[in-house]
Protein chains: 2
Amino acid sequence: MLTDEYRYKILKLVEENPEISQREIAKELGISLGKTNFCLKALIEKGVLKANNFRNSKNKLAYIYKLTPQGIEEKASVTMRFLKQKMKQYEQLQSEIEQLKNDLPILEKTNSNADE
Amino acid sequence: MLTDEYRYKILKLVEENPEISQREIAKELGISLGKTNFCLKALIEKGVLKANNFRNSKNKLAYIYKLTPQGIEEKASVTMRFLKQKMKQYEQLQSEIEQLKNDLPILEKTNSNADE
DNA sequence: TATCGTGCGTTCAATAGATGAACACATCAG
DNA sequence: CTGATGTGTTCATCTATTGAACGCACGATA
């Protein structure tokens with residue numbers, strides 16, 4: 001599943017470091033190689049990303065992932081979408097936390113366990 | 001999967017309304033009936049919840065889900081755990097939102113599109 | 001040339017999780 | 001007795017994810 005979260009994160013990673021490998025992306029995002037490959041392909045399919053081969057300095061062949069012009073637009077809009085999602089989550093979290101505090105048994109009491 | 005989220009939410013629902021049905025829980029939590037059944041069984045298995053039959057006023061048979069003494073303890077501790085999780089998420093969200101704002105193309109500009 | 005070792009993207013069988021239609025059962029209404 | 005209704009329970013099916021295994025392209029070495 002290619003969600004806005006991974007659209008955003010992958011486009012960001014790739015923009016910052018076009019020579020990144022799928023394995024590095026996977027590790028960075030904490031997802032499997034298979035899923036990374038799937039998401040990357042979807043982004044390429046959509047035309048927001050392009051993969052080119054190139055010769056890595058003197059050693060090996062490597063891939064460059066480049067954002068297309070459409071990709072740059074897409075990144076901007078997905079960032080905005082994702083930000084709005086996060087801000088909504090942020091508000092929800094506030095009320096959930098209030099709720100949870102109310103659900104706790106009396107915690108005024110002593111100030112023991114200054115645990116952190 | 002029985003996570004703290006559902007431990008907390010189910011114990012809360014059941015405590016507030018012991019006569020609630022599995023279908024109502026499912027609807028309330030936005031999960032499937034099968035998953036609800038699975039979670040409920042796990043809680044009963046663990047001994048934090050107990051299911052009793054009883055005759056519903058004059059109409060039908062129904063179930064009552066009651067928190068055991070251990071269940072009351074468990075609810076308190078899971079609430080605390082869940083709260084801590086949420087507070088950590090809250091902090092993370094703050095930085096993520098900052099990050100996202102930085103990633104946005106210049107948005108000072110005009111105040112066009114007063115969309116909401 | 002021939003054979004390794006390395007790192008790349010790609011594949012896909014296997015697993016995990018979640019779903020919801022279908023079932024057995026118990027009660028009430030007629 | 002029969003049908004309608006509302007329980008909890010089951011489980012085949014689906015979806016999403018995983019990661020070992022693969023083919024390929026180099027550079028290095030014999």
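Just so we're on the same page: letters track the sequence lines, and every chain starts at 1.
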**Student:** When you check the phosphate oxygens OP1 and OP2 of D/dT10, does a side-chain N or O of B/Lys41 lie under 4.0 Å from one of them?
**Tutor:**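 Result: yes.
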**Student:** Are A/Leu67 and A/Leu49 side-chain neighbours, meaning at least one heavy-atom pair lies under 4.5 Å?
**Tutor:**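 A side-chain contact under 4.5 Å exists here.
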**Student:** Of all the nucleotides listed (D/dT17, C/dC8, C/dA18), which has the minimum atom distance to the side chain of A/Tyr63?
**Tutor:**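 Side chain of A/Tyr63 sits closest to C/dC8.
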**Student:** Within this structure, what is the NZ-CG distance for the pair B/Lys84 and B/Asp4, rounded to the nearest 0.5 Å?
**Tutor:**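 One finds 12.5 Å between NZ of B/Lys84 and CG of B/Asp4.
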**Student:** Measure from the side chain of B/Lys35, starting at C-beta and using heavy atoms only, and say which of C/dA18, D/dT18, D/dG8 lies closest.
**Tutor:**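 In terms of side-chain proximity for B/Lys35, the closest of C/dA18, D/dT18, D/dG8 is C/dA18.
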**Student:** Could you tell me the separation between the NZ atom of A/Lys27 and the P atom of D/dT18, rounded to a whole number of Å?
**Tutor:**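 About 16 Å, once rounded to whole Å.
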**Student:** So does A/Gln22 get a side-chain nitrogen or oxygen closer than 4.0 Å to the phosphate oxygens (OP1/OP2) of C/dC8?
**Tutor:**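 So the side chain of A/Gln22 is outside the cut-off, no N or O lying under 4.0 Å from OP1 or OP2 of C/dC8.
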**Student:** Could you say whether B/Gly34 or A/Leu33 is positioned toward the 5' end of DNA chain C, judged by the nucleotide with the nearest heavy atom to each?
**Tutor:**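 Between the two, 5'-proximity favours A/Leu33.
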**Student:** I'd like to know if B/Arg23 reaches the base of D/dG8 with its side chain, counting only an N/O donor and acceptor under 3.5 Å.
**Tutor:**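 Between D/dG8 and B/Arg23, which were checked side chain against base, a qualifying N/O pair under 3.5 Å is present.
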**Student:** Between P on D/dT7 and CD on B/Glu19, what's the gap in Å once rounded to a whole number?
**Tutor:**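 Rounded to whole Å, this separation is 11 Å.
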**Student:** Would you compute the distance between atom OH of B/Tyr65 and atom CD1 of B/Ile25 and round it to the nearest 0.5 angstrom?
**Tutor:**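 Going from the OH atom of B/Tyr65 to the CD1 atom of B/Ile25 covers 6.5 Å.
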**Student:** Can you find a pair of side-chain heavy atoms, one from A/Arg7 and one from A/Lys46, that are under 4.5 Å apart?
**Tutor:**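 Touching, per the 4.5 Å side-chain cut-off.
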**Student:** Take the protein atom OH of B/Tyr6 and the nucleotide atom P of C/dA18, then report the distance between them rounded to whole Å.
**Tutor:**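 So the two atoms are 7 Å apart, to the nearest Å.
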**Student:** In whole angstrom, what separates A/Leu2's CG from D/dT15's P?
**Tutor:**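 Roughly 17 Å, once rounded to whole Å.
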**Student:** Parallel, tilted or perpendicular: which describes the rings of A/Phe82 and A/Tyr8, with under 30° parallel and over 60° perpendicular?
**Tutor:**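 Geometry flag for A/Tyr8 against A/Phe82: tilted rings.
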**Student:** Between P on C/dA16 and CZ on B/Phe38, what's the gap in Å once rounded to a whole number?
**Tutor:**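 The answer, rounded to whole Å, is 12 Å.
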**Student:** Distance check needed: C/dC8 P versus A/Asn52 CG, whole Å only.
**Tutor:**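 It is 17 Å, rounded to the nearest whole Å.
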**Student:** Atom CG of B/Leu40 and atom P of D/dT10: how far apart are they, to the nearest Å?
**Tutor:**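 Taking atom P of D/dT10 as the reference, CG of B/Leu40 is at 13 Å.
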**Student:** Could you state the atom-to-atom distance from CD of B/Glu45 to C1' of D/dT9 in whole Å?
**Tutor:**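 To the nearest whole Å, that distance equals 15 Å.
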**Student:** Tell me whether the OP1 or OP2 atom of C/dG9 has a side-chain N or O from A/Asn37 closer than 4.0 Å.
**Tutor:**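 For C/dG9, neither OP1 nor OP2 has a side-chain N or O of A/Asn37 closer than 4.0 Å.
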